[in-house]
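These notes concern the structure reproduced below.
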Amino acid sequence: MRPALPLLLCLPLLACAQPVYEVPVATPAGVQAAVAEIGQGAAPGRRSLTEAEAKAAITRVAQRLAPAGSAVCQEVGRGAGCEWRFVYDPSTDLNAAATGEGVIVVQRGVAEHARNDAEIAFVVAHEMAHHVADHVRSTQNRAQAGAVLGGILASLAGSYAGLETGQLAQTASGVGAQLGVISYSKAQEREADVLGAAILHRAGYDIGEAREMLLTLARLSGRTETGRLSTHPAGPDRIASFDGAVSELQARSWRLAPGR
């Protein structure tokens, strides 16, 4: 059995890196439309899944997304920079994290809150996109506590270094509240949503179906405005930015950069 993840510190870190994709600014009309859409329903209830069912769903999604994520890495010029290591965590929170070198930790709660594989895929592809855009390394480099964070990420990478690309590992016990997620900037979160959509498209998922997870997250959070100290854009802002970027990508046949 592989060792459990080490206790991670919650570090509100700042990062600065050249974006892979410039996300269009959400329009006021788009934000208002998102507010109205969010208000039209409630977040779905948690699904009742056995441990085996939740792990199987996340494994199935991870295996389908892995080659698509590698293709997006190639397109943005990262080459072999994304070698995926998926880790299943039995904690029941709706949470996932990108850490280490291509490590994606996905908690059981993601499968339980999702209504289908496409919604699980939205969360996993979003975390993969943080690696594609090099957010993890750039955040680490900017951290004042970089030495501490570097040790944490090195431990993660070492724990799962034996995994084949796209393979799923499992923590020895649920990380739960111990899972320290690196805080990316709001711009990076928007960019990860869009690059995640590109991964979803290449994996053959329906973008509209996957987008339902954004509505679920917005309805669960209840936030309607993005604060200066928020780590994620509020639901309406995030949905409007996502919709605008997806429309832009569809108009240019999903090329992440003109001429590519």
Side-chain angles (χ1 to χ4, degrees), residues 11-27 30-31 34 65 68-79 81-82 84 95-106 121-143 181-203 205 207 210-211 213-215 217-218 221 223 226-260:
L11 301 175
L13 308 178
L14 299 177
C16 182
Q18 284 296 108
V20 170
Y21 184 86
E22 292 282 357
V23 180
V25 176
T27 65
V31 172
L65 287 174
S70 296
V72 172
C73 271
Q74 292 284 343
E75 182 176 352
V76 303
R78 287 209 64 201
C82 297
W84 311 110
N95 202 3
T99 62
E101 293 293 331
V103 176
I104 309 293
V105 182
V106 187
F122 181 93
V123 176
V124 179
H126 174 94
E127 300 304 332
M128 294 170 73
H130 280 308
H131 284 298
V132 171
D134 213 17
H135 293 163
V136 176
R137 188 172 64 86
S138 64
T139 299
Q140 178 184 356
N141 290 344
R142 289 279 295 174
V181 181
I182 300 170
S183 292
Y184 302 106
S185 71
K186 290 184 283 291
Q188 287 176 327
E189 293 294 350
R190 293 185 185 97
E191 185 182 20
D193 279 344
V194 177
L195 293 176
I199 295 171
L200 291 167
H201 172 74
R202 283 157 178 76
Y205 285 103
I207 301 300
R211 177 184 176 276
M213 179 54 81
L214 267 182
L215 286 170
L217 293 169
S221 76
R223 289 194 304 123
T226 302
R228 291 183 61 188
L229 299 180
S230 302
T231 58
H232 285 69
D237 180 2
R238 189 175 180 183
I239 290 170
S241 295
F242 178 82
D243 289 347
V246 166
S247 294
E248 186 177 88
L249 283 173
Q250 288 172 331
R252 61 192 204 197
S253 301
W254 288 93
R255 292 191 303 273
L256 289 169
R260 285 186 177 176

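Count residues from 1 along the sequence. These figures come from a predicted structure and were not determined experimentally.
With hydrogens and angles disregarded, a donor-acceptor distance shorter than 3.5 Å links the side chain of Glu75 to the backbone of Leu256. Formation of a donor-acceptor pair under 3.5 Å by the His130 side chain with backbone atoms of Ala192 is not found in this model.
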Exercise. Begin from the C-alpha positions of Leu200 and Leu65 and carry the test side-chain contact (heavy atoms from CB on, under 4.5 Å) through to its verdict.
Key: CA-CA 7 Å; Leu200 291 167; Leu65 287 174; 4.2 Å; yes
Exercise. Would you check, one step at a time, whether the test side-chain contact (heavy atoms from CB on, under 4.5 Å) holds for Val23 with Asp193?
Key: CA-CA 9 Å; Val23 180; Asp193 279 344; over 6 Å; no
Quiz prompt | Derivation and outcome, side-chain contact (heavy atoms from CB on, under 4.5 Å), residues Ile207 and Trp254 | solution = CA-CA 12 Å; Ile207 301 300; Trp254 288 93; 3.9 Å; yes
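For the side chain to side chain contact (heavy atoms under 4.5 Å, CB included) test, residues two or more places apart in sequence or in another chain that qualify with Leu217 are Leu94, Met213, Arg238. Among residues two or more places apart in sequence or in another chain, the salt bridge (charged side-chain N to carboxylate O under 4.0 Å, His left out) test is passed with Arg211 by Glu37, Asp243.
Across every non-hydrogen atom of Gly235 and Ala218, the tightest pair is CA-CB, 3.7 Å. Val246 approaches Ala197 most closely through the heavy-atom pair CG2-CB, 4.1 Å. For the pair Pro24 and Gly244, the tightest heavy-atom approach, listed with the atom from each and the gap, is CG-C, 3.9 Å. What you find for Ala240 and Ala26 is that their closest heavy atoms are CB-CB, 3.7 Å. When all heavy atoms of Ala98 and His131 are compared, the pair lying nearest together is CB-NE2, 3.7 Å. Smallest separation of non-hydrogen atoms from Gly69 and Val132: O-CG2, 4.3 Å.
Looking at Glu189 and His126, their side chains do bring a donor and an acceptor atom within 3.5 Å of each other.
The distance from atom CG of Leu195 to atom SG of Cys73, rounded to the nearest 0.5 Å, is 9.5 Å. For the atom pair CZ (Arg202) and OG (Ser70), the distance works out to 12.0 Å, reported to the nearest 0.5 Å.
Phe242 and Phe122 have perpendicular rings, their planes meeting at more than 60° on a 0 to 90° scale where under 30° would count as parallel.
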